[in-house]
> 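Attaching a single structure in structure tokens format; questions to follow.
Chain A is the first sequence line, chain B the second, and so forth, proteins listed ahead of strands; every chain is numbered from 1. Worth knowing before you read on, the calculation uses all heavy atoms, side chains too, and leaves out hydrogens, waters and symmetry mates.
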Protein chains: 2
Amino acid sequence: MLVIERHEMIVRLVNEKGSMRVSELSEICNVTEETIRRDLDRLEQAGRLLRSHGGAVSVAEQQPEDPYMEREITRMEEKKRIAQEAIKYIEPRDRIILDASTTAWYMASILPDIPLTVLTNSLKVAMELSTKEKIEVISTGGIMSARSLSFVGPSAERSLDAYHVNKAFLSCKGVHLGRGISESNEMQALVKRKMISIADRVLLLADHSKFGVQAFTYFAELSQIDEIITDDKIDPQYVQQLEEMAVKLTVALA
Amino acid sequence: MLVIERHEMIVRLVNEKGSMRVSELSEICNVTEETIRRDLDRLEQAGRLLRSHGGAVSVAEQQPEDPYMEREITRMEEKKRIAQEAIKYIEPRDRIILDASTTAWYMASILPDIPLTVLTNSLKVAMELSTKEKIEVISTGGIMSARSLSFVGPSAERSLDAYHVNKAFLSCKGVHLGRGISESNEMQALVKRKMISIADRVLLLADHSKFGVQAFTYFAELSQIDEIITDDKIDPQYVQQLEEMAVKLTVALA
DNA sequence: ATAAAAATAACCAAATATAATCAAAACTAT
DNA sequence: ATAGTTTTGATTATATTTGGTTATTTTTAT
């Protein structure tokens, strides 16, 4: 990747996410943090972003409203942290699933360019990964859900049948200790259920606000989840209860 | 190779790939890196690309096209006109196929929001149609081709098997009266062949520059095409020969 | 408030890329 | 043909980029 390309990528990422840490950019671009810092200095000189300790923030004062992205500003910080923790579980040559959640999209955007096969039903994830040449992206087809820009329906589920992955990173709307994992949309829930069935290991990405919540449809038991990644605002009572239930839990720290 | 030819080749390569290293260009063009550097300096002077340490990046990020799409930015006007003509063939409640071509993408962007089912292997087409609420979009899944932002491969072909449409709008790289319709990329060709097999009616979108051209793989006979839509710069000799061969031809006027 | 951790700036050195220069080769125009 | 121009490749000196190291600053936690 040429210098200019890296600079453009940095600006794009900073603008998309609002902010980026030096460490994230370093991983994504496959250069040392020193290089990223120098880049940020120059980009700040040029007025393309604003430097801050640990990273940089967007200076695009009023980015034109992205019609695709339902503005999920809520829990953005937590989701980014969870995404950052989650990518630590990814190793070269893994075959993984990313679902159509905001957290999975963050994961895609900060995923380093290493040899990897990613199976997804999310248009945004696919789009995001298209620039990383070492990553092979496979999309389920299916009926497009315009709101979430993802593919659902029988054909999406059918196409998943043809694959097997070693890790699946899934999100949800609710985690209830007694009732299990739930989703507000039935179509999405069915796809997630299928995803779980073709994965060796299921990692659930759920920020603290999801605990205790019961959404419309259940798509998995807690026992089907191998590990939950959440943020540090989680109620300690859940931590303890999950421990008692022998569910592995990782807390993504700030 | 003439100097100008080399210059054009350099610009084309840079635009296709987004960027090129001096070393790559040197190898491809069979000249020393010094020569390439001088070329790049002059091309940057002329504003045809942007220099960067180690290579050059494309500057062709003008509106309708972004650096992903695989075909040349040329014939844009013709393609828009062909797209405009093509949508006249679409009626409410049609089930149609749009392939991963620039022309199909133009079609998607000017398609009115009427009840319609669109089956496509193009990410851009899907994205474009996501804002039109009356249009149901179904995507083939498959391996994502990053360059063309489309889905190809066995799974893409397999998923097409589950559907049947009444009209397919396809593009190509070459239309040869004797040898048939060809494509430069075999994966895309196989998908198109399958698309033809599940469509009642096949409409070929081909600007005048495609006639007489033979690209790498053939994916259809002329007899399998129900109608060709082209632009008014088409050589009259082809018009006459197609008439003799009883192939229906529509010329999109300015 | 103070200590520990994290991030940064300021170096340096190695690798790479570039610019400048010159001579040979190829092309142009008389 | 021949003189003049342009292009090219080779060579050398110069620039830039990058990663590593260390000291310093800033932030965070106690």
Side-chain angles (χ1 to χ4, degrees), chain A residues 1-11 13-14 17-59 77-78 80-85 87-88 110 112-114 133-134 208 231-234 236 239 250-254, chain B residues 1-11 13-14 17-59:
Chain A
M1 176 159 37
L2 296 174
V3 181
I4 290 196
E5 293 181 287
R6 191 178 61 233
H7 286 181
E8 290 307 317
M9 174 175 259
I10 289 171
V11 171
L13 285 165
V14 168
K17 304 280 141 42
S19 76
M20 271 283 154
R21 331 203 93 251
V22 172
S23 52
E24 293 173 336
L25 293 169
S26 163
E27 266 220 82
I28 293 170
C29 301
N30 281 315
V31 292
T32 58
E33 304 198 349
E34 278 65 30
T35 303
I36 294 294
R37 273 189 266 276
R38 273 183 290 248
D39 288 344
L40 293 182
D41 287 346
R42 289 166 62 172
L43 289 167
E44 185 179 41
Q45 280 291 339
R48 314 232 6 222
L49 45 72
L50 207 60
R51 199 60 223 289
S52 160
H53 223 82
V57 296
S58 169
V59 80
E77 271 309 315
E78 286 91 335
K80 278 173 96 159
R81 283 215 295 278
I82 291 171
Q84 211 151 4
E85 180 65 31
I87 64 168
K88 294 180 187 164
I110 60 176
D113 193 2
I114 56 173
E133 51 185 27
K134 294 207 185 65
H208 69 276
D231 64 272
D232 55 3
K233 293 208 190 75
I234 184 173
V239 178
T250 300
V251 176
L253 300 169
Chain B
M1 174 161 36
L2 262 33
V3 180
I4 293 207
E5 291 180 292
R6 191 177 62 233
H7 285 182
E8 289 307 316
M9 174 174 254
I10 290 172
V11 171
L13 284 166
V14 168
K17 305 266 184 159
S19 77
M20 273 281 157
R21 328 201 99 254
V22 172
S23 52
E24 293 172 333
L25 292 168
S26 163
E27 268 222 71
I28 292 171
C29 301
N30 279 313
V31 292
T32 58
E33 303 199 349
E34 279 63 34
T35 303
I36 295 295
R37 272 189 266 276
R38 274 184 287 247
D39 288 345
L40 294 183
D41 286 346
R42 289 166 63 171
L43 289 168
E44 185 179 40
Q45 281 291 337
R48 314 229 8 219
L49 45 73
L50 201 62
R51 199 62 222 289
S52 173
H53 223 83
V57 296
S58 169
V59 79

> For A/D113 and A/E133, which heavy atoms make the closest approach, and how far apart are they?
OD2-N, 3.3 Å
> C/dA9 C1' sits how many Å from A/E44 CD, rounded?
14 Å
> Rounded to the nearest Å, what distance is computed from the CZ atom of residue A/R37 to the C1' atom of nucleotide C/dA7?
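It is 6 Å, rounded to the nearest whole Å.
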> Under 4.0 Å, counting only non-hydrogen atoms across every strand here, what does B/S26 touch: a base, just sugar-phosphate, or nothing?
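Here B/S26 touches no strand at all.
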> Can you identify which nucleotide, out of D/dT18, D/dG20, D/dT7, has its nearest atom closest to the B/V3 side chain?
D/dT7
> Looking only at heavy atoms, what is the nearest atom pair of A/S58 and A/V14, with distance?
N-CG1, 3.2 Å
> Would you say C/dA17 has OP1 or OP2 under 4.0 Å from some side-chain N or O of B/R21?
yes
> Would you sort out whether B/S26 and B/S23 count as a side-chain hydrogen bond (donor to acceptor under 3.5 Å, both in side chains), showing the intermediate values?
CA-CA 5 Å; B/S26 163; B/S23 52; over 6 Å; no
> Classify the nucleic acid contact of B/S52 as base, sugar-phosphate or nothing, counting any heavy atom under 4.0 Å across all strands shown.
sugar-phosphate
> When you measure from the side chain of A/D41, which nucleotide among D/dG20, C/dA9, C/dA19 comes out closest?
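It is C/dA9.
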> Taking only Lys NZ, Arg NE, NH1 and NH2, and the carboxylate oxygens of Asp or Glu, determine whether A/E85 and A/R81 approach each other closer than 4.0 Å.
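The answer is no: the pair does not qualify as a salt bridge.
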> Mind calculating the distance between CZ (B/R42) and P (C/dA19) to the nearest angstrom?
15 Å
> In this structure, how many angstroms lie between the P atom of C/dA7 and the CG atom of A/L40, rounded?
13 Å
> OP1 or OP2 of D/dG9 versus the side-chain N and O atoms of B/T35: is any pair under 4.0 Å?
yes
> What is the distance, to the nearest angstrom, from the CZ atom on A/R38 to the P atom on C/dA10?
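Spelled out: CZ on A/R38 to P on C/dA10 is 12 Å.
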> Suppose we define a pair by two distances each less than 3.5 Å, Watson-Crick or G-U wobble; what does D/dA15 pair with here?
none
> Can you name the residues that form a side-chain contact (heavy atoms from CB on, under 4.5 Å) with A/E5, not counting sequence neighbours?
A/M1, A/L2, B/S19, B/V57
> Using a 90° cut-off around 0 for syn, call C/dA26 syn or anti.
anti
> Return the nearest nucleotide to the side chain of A/H53; candidates are D/dT18, D/dT26, D/dT7.
D/dT26
> Taking pairing as Watson-Crick or G-U wobble with both contacts under 3.5 Å, can you name the mate of C/dT21, or confirm there isn't one?
D/dA10
> Using whole Å, what does the distance between atom C1' of nucleotide C/dA14 and atom CD of A/E34 come to?
16 Å
> What's the CD-P distance between B/E33 and D/dG9, to the nearest Å?
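Whole-Å distance recorded here is 11 Å.
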> Mind calculating the distance between CG (B/D39) and P (C/dT18) to the nearest angstrom?
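Value for this atom pair: 13 Å.
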> Closest to the A/R51 side chain: D/dT27, C/dA9, C/dA17?
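Taking heavy atoms from C-beta onward, the closest nucleotide is C/dA9.
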> For the side chain of A/T32, starting at C-beta, report the closest nucleotide among D/dG19, D/dT18, D/dT8.
D/dG19
